[in-house]
Visitor: 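This is the structure I want to talk about, given as structure tokens.
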Amino acid sequence: MPSMYTRLFAALCALATTANAVTTIEVKGKDFVNSKTGDRFQILGVDYQPGGSSGFTKDKDPLSDKDACLRDAALMQRLGVNTIRVYNLSPSLNHDDCASIFNAAGIYMILDVNSPLYGSYIDRTAPKSSYNAVYYEQVFGVIEAFKNYPNTLGFFAGNEVINEQSVKEVAAYIRAVQRDMKDYIKKNVDRSIPVGYSAADIRPWLMDTVNYFMCEDSDEPSSQSDFFGLNSYSWCGDSSYKKAGYDILTEDFKNASIPVFFSEYGCNEVTPRVFTEVQAIYGEEMTQAFSGGLVYEYTQEANNYGLVKINDSDTATLLVDYDNLQKQYAKLDMDRIQASNSTQTSFTAPKCSSDLIKNGTFLSKFDLPSRPSKVQDMIDNGLSKANTGKLVDVSTTAIPQKIYDHTGKEVTGVQLKALSSGESNTPGNSTSGSSSSGSSSDSDNTKDNAAGKMTASFMGLVVGAVVAAASVL
């Protein structure tokens with residue numbers, strides 16, 4: 001029979017805060033799926049790069065500021081977001097707090113492995129010179145930094161690298177980067193993390209681009225994309241499915257063999273943005289072709305695409321675009337959106353062939369550049385002195401910053417709600433924050449505080465009992 005000490009210690013451990021984790025996401029056919037339940041995962045997300053590219057340095061990135069992440073994760077949770085995309089990251093920084101905060105909020109991360117710093121990206125005009133071991137210290141460094149977080153949904157190998165200024169052969173280098181990343185993950189990561197590409201909406205090349213990246217090459221089997229992102233701003237204002245050309249996109253991508261989603265959307269030619277495209281993107285017609293999308297962008301920058309204006313370190317304002325997006329998310333039928341579909345998950349990739357490429361200006365050969373020897377060493381032995389992250393404990397927490405709505409009224413009671421293990425965020429999952437007198441929010445906070453005090457008191461009793469029991473053993 002277990003001793004009193006053993007039983008009390010077990011009770012204490014059961015009460016201790018644990019790092020609850022979202023369920024990892026996998027790719028099956030043309031769907032993202034929950035690895036445990038098999039339910040379809042649709043991206044309801046925002047692009048997250050506070051300060052823009054100019055706000056990024058080797059000493060600061062969007063996932064290195066704990067206080068900002070707590071504020072933003074709570075506001076995103078309230079909005080209904082389940083995914084963020086982060087463009088620029090420094091692998092040497094500690095991301096444990098921020099990644100864990102977003103994990104606790106039930107929010108996944110899609111991460112670009114490149115950065116604007118010299119040597120940390122593939123040069124679209126001279127890809128051969130930039131494809132080297134120095135570049136892979138950035139790429140593999142990001143993988144190492146984020147591989148242990150269960151809410152790391154995937155990595156982008158490139159963003160709009162193929163455009164009007166790029167040389168033709170750059171597509172082969174991006175596919176080679178995908179190969180190298182996937183081989184590194186297979187050798188040095190405990191689970192498979194998807195890798196994909198984010199494309200510009202250049203219609204003459206669009207289908208050639210997705211066909212080039214998603215096809216299966218028997219000579220380079222790990223080089224194909226696991227997913228495909230599209231940066232598209234064709235729906236402006238209160239447009240329509242056909243006027244915005246979404247009907248054409250749906251037809252173009254309905255037979256894609258991998259998940260396709262909008263890696264950026266949210267035209268601001270008409271303001272405020274009303275986000276009526278949300279109903280189309282997650283409607284029955286488009287969900288056969290698309291796996292959701294990411295609104296550009298979370299913070300208000302000089303280009304005027306923001307949902308939230310960061311006034312200073314202590315205050316932020318929810319813009320009218322935030323409210324409009326929240327209203328559109330609230331209309332969604334999440335049960336239908338998340339329902340598994342055996343037809344979707346049974347798609348298989350076409351074989352790579354020059355016949356897949358229709359535009360003569362797009363690369364039609366699938367010969368990839370050879371991997372530099374030092375890069376092969378990194379894959380075989382892991383990145384030397386890598387900064388590898390891990391989850392830390394996060395509890396339900398009220399944010400310290402003051403938040404205002406677009407009319408100037410204070411939004412009270414905003415908090416990060418730590419979700420149960422395996423749970424991801426959905427619209428309406430968090431009801432924190434009110435622009436009214438705050439009585440209901442204050443009441444909720446009082447209840448939360450009372451519950452916390454009761455738990456703390458009980459844990460204190462348990463600890464005291466354990467100590468007392470130990471003293472007589």
Visitor: For residues Phe102 and Thr83, determine if any side-chain heavy atom of one lies less than 4.5 Å from a side-chain heavy atom of the other.
Guide: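 Side-chain contact under 4.5 Å: no.
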
Visitor: Identify the two heavy atoms, one from Arg203 and one from Ser232, that lie closest to each other, and give their separation to 0.1 Å.
Guide: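 In terms of heavy atoms, the two residues are closest at NH2-OG, 4.2 Å.
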
Visitor: Could you list the donor-acceptor pairs under 3.5 angstrom formed by side chains in residues 136-143, with sequence neighbours left out?
Guide:
unit_1: Tyr136; atom_1: OH; unit_2: Asp180; atom_2: OD2; d: 2.5
unit_1: Gln138; atom_1: NE2; unit_2: Leu89; atom_2: O; d: 3.1
unit_1: Gln138; atom_1: NE2; unit_2: Val113; atom_2: O; d: 3.0

Visitor: I'd like to check the salt bridge (Lys or Arg N to Asp or Glu O under 4.0 Å) partners of Arg124; sequence neighbours left out, ordered by chain and number.
Guide: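 Expected list: none.
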
Visitor: Going by distance alone, is a donor N or O of one side chain under 3.5 Å from an acceptor N or O of the other, for Asn268 and Thr271?
Guide: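 Side-chain D/A pair, Asn268 to Thr271: absent.
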
Visitor: CG/Asp377 to OG/Ser384 distance, rounded to the nearest 0.5 angstrom?
Guide: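 OG of Ser384 is found 11.0 Å from CG of Asp377.
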
Visitor: Counting heavy atoms not belonging to Gln165, are there more than 12 under 6.0 Å from its CD?
Guide: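 Yes, CD of Gln165 has more than 12 neighbouring heavy atoms, counting only those of other groups under 6.0 Å.
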
Visitor: How long is the span from the CZ atom in Arg71 to the CD1 atom in Ile403, to the nearest 0.5 Å?
Guide: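 Spacing of CZ (Arg71) from CD1 (Ile403) equals 7.0 Å.
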
Visitor: Output yes when a side-chain donor or acceptor of Tyr322 lies under 3.5 Å from a complementary backbone atom of Leu75, and no otherwise.
Guide: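 Yes, because the side chain of Tyr322 sits within donor-acceptor range (under 3.5 Å) of the backbone of Leu75.
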
Visitor: Taking it one step at a time, do Asp61 and His95 satisfy side chain to side chain donor-acceptor pair (under 3.5 Å)?
Guide: CA-CA 9 Å; Asp61 68 28; His95 303 101; 2.7 Å; yes

Visitor: Quick one: does any side-chain atom of Asn188 pair with a main-chain N or O of Ile379 as donor and acceptor, under 3.5 Å?
Guide: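 Pair found, side chain donor or acceptor close to backbone of Ile379.
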
Visitor: Does the salt bridge (Lys or Arg N to Asp or Glu O under 4.0 Å) test come out yes or no for Asp112 and Arg85, once each step is laid out?
Guide: CA-CA 8 Å; Asp112 289 63; Arg85 176 191 182 177; 2.9 Å; yes

Visitor: Between atom CG of Leu416 and atom OG of Ser432, what is the distance when rounded to the nearest 0.5 Å?
Guide: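 If I round to the nearest 0.5 Å, the distance is 8.5 Å.
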
Visitor: Mind running side-chain contact (heavy atoms from CB on, under 4.5 Å) on Phe228 and Phe261 for me, showing each step along the way?
Guide: CA-CA 7 Å; Phe228 187 83; Phe261 59 93; over 6 Å; no

Visitor: Does NZ in Lys58 sit with more than 12 non-hydrogen atoms of other residues, nucleotides or ligands closer than 6.0 Å?
Guide: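 Open.
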
Visitor: According to disulfide (SG to SG under 2.5 Å), does anything in residues 51-131 pair up with another residue at least two apart or in another chain? List the pairs.
Guide: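 As it turns out, the disulfide (SG to SG under 2.5 Å) pairs with a partner in residues 51-131, which skip direct neighbours, are Cys69-Cys98.
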
Visitor: So if I apply the ring pair (Phe, Tyr, Trp, His ring centres under 6.0 Å) rule between Tyr108 and each of Phe41, Phe146, Tyr149, which one comes out positive?
Guide: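 Going through Phe41, Phe146, Tyr149 one by one, the ring pair (Phe, Tyr, Trp, His ring centres under 6.0 Å) with Tyr108 is satisfied by Phe41 alone.
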
Visitor: In sequence, state the C-alpha distance, the side-chain angles, and the governing distance for Lys147 and Asp190, and then conclude on salt bridge (Lys or Arg N to Asp or Glu O under 4.0 Å).
Guide: CA-CA 8 Å; Lys147 69 180 185 180; Asp190 291 336; over 6 Å; no

Visitor: Begin from the C-alpha positions of Glu169 and Lys365 and carry the test side-chain contact (heavy atoms from CB on, under 4.5 Å) through to its verdict.
Guide: CA-CA 9 Å; Glu169 62 267 24; Lys365 296 181 179 180; over 6 Å; no

Visitor: Is a side-chain donor or acceptor of Lys30 paired with a backbone partner of Val27 at a separation under 3.5 angstrom?
Guide: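 Not confirmed, Lys30 side chain does not pair with Val27 backbone.
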
Visitor: With a 3.5 Å distance limit and no angle check, can you tell me whether Asn82 reaches the backbone of Ser424 through a side-chain donor-acceptor pair?
Guide: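 Not a single qualifying donor-acceptor pair exists.
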
Visitor: Between Ser354 and Ser364, is any side-chain donor less than 3.5 angstrom from a side-chain acceptor?
Guide: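 No - no donor-acceptor pair under 3.5 Å links their side chains.
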
Visitor: What heavy-atom pair brings Gln300 and Tyr305 nearest, and what distance separates the two atoms?
Guide: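 Smallest interatomic distance, heavy atoms only, reads OE1-N, 3.4 Å.
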
Visitor: Calculate, to the nearest 0.5 Å, the distance between atoms CD1 and OG1 belonging to Ile174 and Thr209 respectively.
Guide: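 It is 11.5 Å, given to the nearest 0.5 Å.
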
Visitor: Which value, rounded to the nearest 0.5 Å, describes the distance between Asn151 atom CG and Ile110 atom CD1?
Guide: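 Between Asn151 CG and Ile110 CD1, I get 11.5 Å after rounding to 0.5 Å.
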
Visitor: Indicate the ring-plane relationship of Tyr212 and Phe366, choosing parallel, tilted or perpendicular according to the 30° and 60° boundaries.
Guide: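 Plane angle under 30°, so parallel.
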
Visitor: May I ask you to decide whether Lys128 forms a salt bridge with Asp123, counting only side-chain N to carboxylate O separations under 4.0 Å?
Guide: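 Salt bridge: no.
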
Visitor: Between the side chains of Gln344 and Ser342, does any donor sit under 3.5 Å from an acceptor?
Guide: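 Absent: no donor and acceptor within the cut-off.
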
Visitor: When you look at Asn114 and Tyr135, which way does the side chain to side chain donor-acceptor pair (under 3.5 Å) test go after all the steps?
Guide: CA-CA 9 Å; Asn114 300 279; Tyr135 168 64; 2.7 Å; yes

Visitor: From the options Trp235, Tyr282, Tyr265, select the one residue that forms a ring pair (Phe, Tyr, Trp, His ring centres under 6.0 Å) with Tyr246.
Guide: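 The passing option is Trp235.
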
Visitor: Is there a donor-acceptor contact under 3.5 Å linking the side chains of Thr317 and Asp405?
Guide: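 Per modelled atom types, Thr317 and Asp405 side chains form no pair under 3.5 Å.
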
Visitor: Please indicate whether Glu284 has more than 12 foreign heavy atoms, meaning atoms of other residues, nucleotides or ligands, lying under 6.0 Å from its CD.
Guide: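 No, not enclosed.
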
Visitor: For Ser420 and Asn20: C-alpha separation, side-chain torsions, deciding distance, then whether side chain to side chain donor-acceptor pair (under 3.5 Å) applies.
Guide: CA-CA 6 Å; Ser420 301; Asn20 290 337; 5.8 Å; no

Visitor: With a 4.5 Å cut-off on side-chain heavy atoms, are Glu297 and Glu264 touching?
Guide: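 No. Closest side-chain heavy atoms not under 4.5 Å.
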
Visitor: When the ring planes of Phe227 and Phe32 are compared, do they come out parallel, tilted or perpendicular, using 30° and 60° as the limits?
Guide: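 Phe227 and Phe32: tilted rings.
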
Visitor: Looking at every non-hydrogen atom in both residues, tell me the closest pair between Gly29 and Pro259 and how far apart they are.
Guide: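 Taking Gly29 first and Pro259 second, the nearest heavy atoms are O-CD, 3.6 Å.
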
Visitor: Does Phe253 have its ring centroid less than 6.0 Å away from the ring centroid of Phe290?
Guide: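 When the ring centroids of Phe253 and Phe290 are compared, they turn out to be within the sub-6.0 Å range.
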
Visitor: Give, for atom OG1 of Thr345 and atom CD of Glu26, the distance between the pair rounded to the nearest 0.5 Å.
Guide: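 Here the rounded value is 11.5 Å.
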
Visitor: Can you list the steps and then say if Asp247 with Lys242 is a salt bridge (Lys or Arg N to Asp or Glu O under 4.0 Å)?
Guide: CA-CA 5 Å; Asp247 57 333; Lys242 289 188 176 181; 5.5 Å; no

Visitor: Locate the shortest heavy-atom distance separating Ile185 from Ser192; write the atom from each residue and the value.
Guide: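 Scanning both residues completely, I find the closest heavy atoms to be CG2-CA, 4.4 Å.
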
Visitor: Taking side chain as C-beta onward, heavy atoms only, is Thr426 less than 4.5 Å from Gln338?
Guide: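 Sidechains of Gln338 and Thr426: in contact.
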
Visitor: Quick one about Thr37 and Asp39 (side-chain donor to acceptor, distance below 3.5 Å, no hydrogens or angles considered), yes or no?
Guide: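 Short answer, yes.
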
Visitor: Taking the side chain as every heavy atom from C-beta outward, state whether Pro427 and Met334 have any pair of such atoms under 4.5 Å apart.
Guide: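 In short, these two side chains touch, coming nearer than 4.5 Å.
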
Visitor: Quick one: closest heavy-atom pair of Asp367 and Ala172, and the distance?
Guide: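 Heavy atoms only, the tightest pair is O-CB, 3.9 Å.
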
Visitor: Report yes or no: does Asn425 contribute a side-chain atom to a donor-acceptor pair with the main-chain N or O of Gln77 at less than 3.5 Å?
Guide: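 Such a contact is found between Asn425 side chain and Gln77 backbone.
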
Visitor: For Ala133 and Val375, which heavy atoms make the closest approach, and how far apart are they?
Guide: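 The answer is CA-CG2, 3.9 Å.
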
Visitor: Assess whether side chain to side chain donor-acceptor pair (under 3.5 Å) is satisfied between Glu144 and Tyr184, documenting all intermediate values.
Guide: CA-CA 10 Å; Glu144 283 288 340; Tyr184 188 92; 2.5 Å; yes

Visitor: Between Asp226 and Met214, is the side-chain contact (heavy atoms from CB on, under 4.5 Å) condition met? List the steps.
Guide: CA-CA 7 Å; Asp226 296 317; Met214 77 177 179; over 6 Å; no

Visitor: Can any side-chain N or O of Asn34 pair as donor or acceptor with the backbone N or O of Lys36 at less than 3.5 Å?
Guide: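 Confirmed, Asn34 side chain pairs with Lys36 backbone.
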
Visitor: With side-chain contact (heavy atoms from CB on, under 4.5 Å) as the criterion, how do Thr23 and Ser35 come out once you've worked through the C-alpha distance, each side chain's angles and the decisive distance to 0.1 Å?
Guide: CA-CA 7 Å; Thr23 301; Ser35 60; 3.2 Å; yes

